[in-house]
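What follows is a short report on a single structure.
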Number of protein chains: 2
Amino acid sequence: MTPAAPTPIEDLLAAPLGLRERKKLKTRRAIRAAAFRLFTEQGYDGTTVDQIADAAEVSPSTFFRYFPTKEDLVVGDEYDPVMEAALRARPAGEPVLESMRQSFLPALRQIVTAEPEEMLLRMRLMQENAVIRARSAAEMIRTVDLLAGILSDRTGEPRDSLELRAVVAAVTAACGQAVEHWAQHGGSEDVVTLVERSLDAVAAAFSA
Amino acid sequence: MTPAAPTPIEDLLAAPLGLRERKKLKTRRAIRAAAFRLFTEQGYDGTTVDQIADAAEVSPSTFFRYFPTKEDLVVGDEYDPVMEAALRARPAGEPVLESMRQSFLPALRQIVTAEPEEMLLRMRLMQENAVIRARSAAEMIRTVDLLAGILSDRTGEPRDSLELRAVVAAVTAACGQAVEHWAQHGGSEDVVTLVERSLDAVAAAFSA
DNA sequence: CATCAATCCGAGAGTTACTGTCATAAGACG
DNA sequence: CGTCTTATGACAGTAACTCTCGGATTGATG
């Protein structure tokens, strides 16, 4: 395209994504898009990996190179790093509950506003399909492990502190219920408000 | 065996388990016993259903008649009815937290004292195997649904009350962490104490 | 005791998710 | 342009299920 003269500025701009990387990202998106379309048309169980691969114009082998399992199309734990960063950014002396609240809320807001229809589809699949539900629940366990690890590092508590893990698990579960409620009402309510309601309810139940 | 004279008393006593039912229970136990033995020897993933069926001297077809999936050998939700009964027996006006505590504790104590080694194996498999972990987590969701349903019926709240579900989920998660802690320490500590510690920690975190 | 209906079981074929290997084609790079 | 790396596709294979069907076992009845 451009003459042979090297253009470092353009290189730097293009560097984050070489042609190869761009193509990979594109096929990854194509696979997921084809899958979600087929899922809405035929349901999750009614759609085979071969069909998805056909629709995305890749071979089944390639499908499994991009998504190790069919479930991974739906679950996706790409939000954990966001919450991890947010949690690490909280001040050291802050109470655990407040740190978690301030980490969950921005992450949730971002997810819900960025791609609400995809999130709704995911939650719908989670309700309908036992396998997806199970995997999502397992992801929540992963999240609890992650957050408890970060917090224990920060406070110097042992990594398997029952007390810390209990708090993290309880808060995460309450927030999860808020998200589920959000999804079951079609995403019309404000997630932040729902999370606050959840946490307030837990506080009320435990302070009585 | 006995003379032809009809013996209604014996009939009534034998009624709960006819020959057929007894046989079914026996093969069910045989399958599970064989499976657990093979699991400890070769691991969960290293054991095929065919091997289990062979060891239990049944056909693979029969295996799937008794256990719809291989995971069902391990997860088993036979404790939900116990908790359900306990929860329904609680007085109507009691706070949710107290009702749950008084329902969880006896059930847990029973599970842990009745067959501790089996429970430990289950928890160990849950740690090691992602599929089992996911299924167990899904069972916890089922439990939350069940308990929230019972409690909402009792208090007249709507069945999908976010507040109620958040509290139930938080308490269940905290208790789950207690059980996990119990298992990770080889079952040497007292479950009841661990549950109390968990719930106290949540209370402390939310009352600050 | 004989029989009949319900139910349980085993055999076999088929589907699907996933794994591993290998040859080939397409980008990266000097 | 040549080479080297890497992505891809074709293929074979495994394991967890699902479905169906004929035969055996059980439990009730005449």
Side-chain angles (χ1 to χ4, degrees), chain A residues 1 4 6-8 10-11 14-31 35 38-39 42-75 125 129-132 134-135, chain B residues 1-4 6-8 10-12 14-31 35 38-39 42-75 129-132 134-135:
Chain A
M1 308 290 189
T7 56
E10 191 182 324
D11 277 5
L17 292 146
L19 176 61
R20 220 163 198 155
E21 303 299 320
R22 247 179 303 159
K23 221 176 164 181
K24 270 167 68 173
L25 212 65
K26 209 170 110 184
T27 54
R28 185 181 176 85
R29 274 200 260 262
I31 292 172
L38 289 173
F39 288 165
Q42 319 174 349
Y44 179 83
D45 286 329
T47 307
T48 69
V49 170
D50 285 13
Q51 287 177 335
I52 299 170
D54 273 354
E57 291 179 332
V58 295
S59 74
S61 312
T62 299
F63 171 90
F64 284 110
R65 279 196 194 91
Y66 281 87
F67 297 93
T69 75
K70 191 177 158 190
E71 309 156 21
D72 285 297
L73 285 165
V74 181
V75 292
L125 289 176
N129 188 275
V131 178
I132 301 289
R135 262 296 298 272
Chain B
M1 307 290 185
T2 51
T7 58
E10 187 184 324
D11 278 3
L12 285 176
L17 291 145
L19 176 62
R20 219 164 198 155
E21 303 300 319
R22 248 178 303 159
K23 223 177 162 180
K24 270 167 68 173
L25 212 66
K26 208 170 110 183
T27 54
R28 185 181 176 85
R29 275 201 260 263
I31 292 173
L38 289 173
F39 288 165
Q42 318 174 349
Y44 180 83
D45 286 329
T47 307
T48 70
V49 170
D50 285 14
Q51 287 176 336
I52 299 170
D54 272 355
E57 291 179 333
V58 295
S59 74
S61 314
T62 299
F63 172 90
F64 285 110
R65 279 197 193 90
Y66 282 86
F67 297 93
T69 75
K70 191 178 158 190
E71 310 156 21
D72 285 296
L73 285 166
V74 181
V75 291
N129 188 274
V131 178
I132 301 287
R135 262 298 297 272

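Residue numbering restarts at 1 for every chain, and letters A, B, ... go by the order of the sequence lines.
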Could you check if a side-chain atom of [X] sits within less than 4.5 angstrom of a side-chain atom of [Y], using non-hydrogen atoms only?
X	Y	answer
Leu73(A)	Phe63(A)	yes
Arg135(B)	Thr69(B)	yes
Tyr44(A)	Glu71(A)	yes
Phe64(B)	Val49(B)	yes

[N] [atom2] sits how many Å from [X] [atom1], rounded?
X	N	atom1	atom2	value
Arg22(B)	dT25(D)	CZ	P	18 Å
Asp50(A)	dC18(C)	CG	P	12 Å
Glu21(B)	dA6(C)	CD	C1'	13 Å
Phe67(B)	dT18(D)	CZ	P	15 Å
Phe63(A)	dC11(D)	CZ	P	20 Å
Lys26(B)	dC9(C)	NZ	P	12 Å
Leu38(A)	dT16(C)	CG	P	14 Å
Phe64(B)	dC9(C)	CZ	C1'	15 Å

*OP1 or OP2 of dG9(D) sitting under 4.0 Å from any side-chain N/O of Thr62(A)?*
yes
_Along DNA chain D (nearest heavy atom to each residue), the more 5'-positioned of Lys70(B) and Lys24(A)_ = Lys24(A)
_Minimum-distance nucleotide to Ser59(A) side chain [options: dC17(D), dG9(D), dG10(C)]_ = dG9(D)
*Look up atom OH in Tyr66(A) and atom OG1 in Thr27(A), then write down how far apart they are to the nearest 0.5 Å.*
3.0 Å
*At what distance, to the nearest 0.5 angstrom, does CD1 of Ile52(A) lie from CG of Leu38(A)?*
6.5 Å
*asked:* Under the rule for salt bridge (Lys or Arg N to Asp or Glu O under 4.0 Å), what residues qualify as partners of Asp54(A), not counting sequence neighbours?
replied: none
*When we call it a touch if two heavy atoms are under 4.0 Å apart, what does Tyr66(A) touch: a base, just sugar-phosphate, or nothing?*
sugar-phosphate
*Which part of the nucleic acid, if any, lies within reach of Pro60(A) when heavy atoms closer than 4.0 Å are counted: base, sugar-phosphate only, or nothing?*
nothing
*Mind running side-chain contact (heavy atoms from CB on, under 4.5 Å) on Phe39(B) and Val74(B) for me, showing each step along the way?*
CA-CA 10 Å; Phe39(B) 288 165; Val74(B) 181; 4.0 Å; yes
*To 10°, what angle do the rotation axes through the five end pairs on each side of the helix from dC1(C)-dG30(D) to dA26(C)-dT5(D) form?*
10°
*May I ask you to check whether over 12 heavy atoms, not counting those of Gln42(B), lie within 6.0 Å of atom CD?*
yes
All N/O pairs under 3.5 Å across the protein-nucleotides 21-27 of chain C interface:
residue, atom, partner, partner atom, Å
dG27(C), OP1, Lys23(A), NZ, 2.9

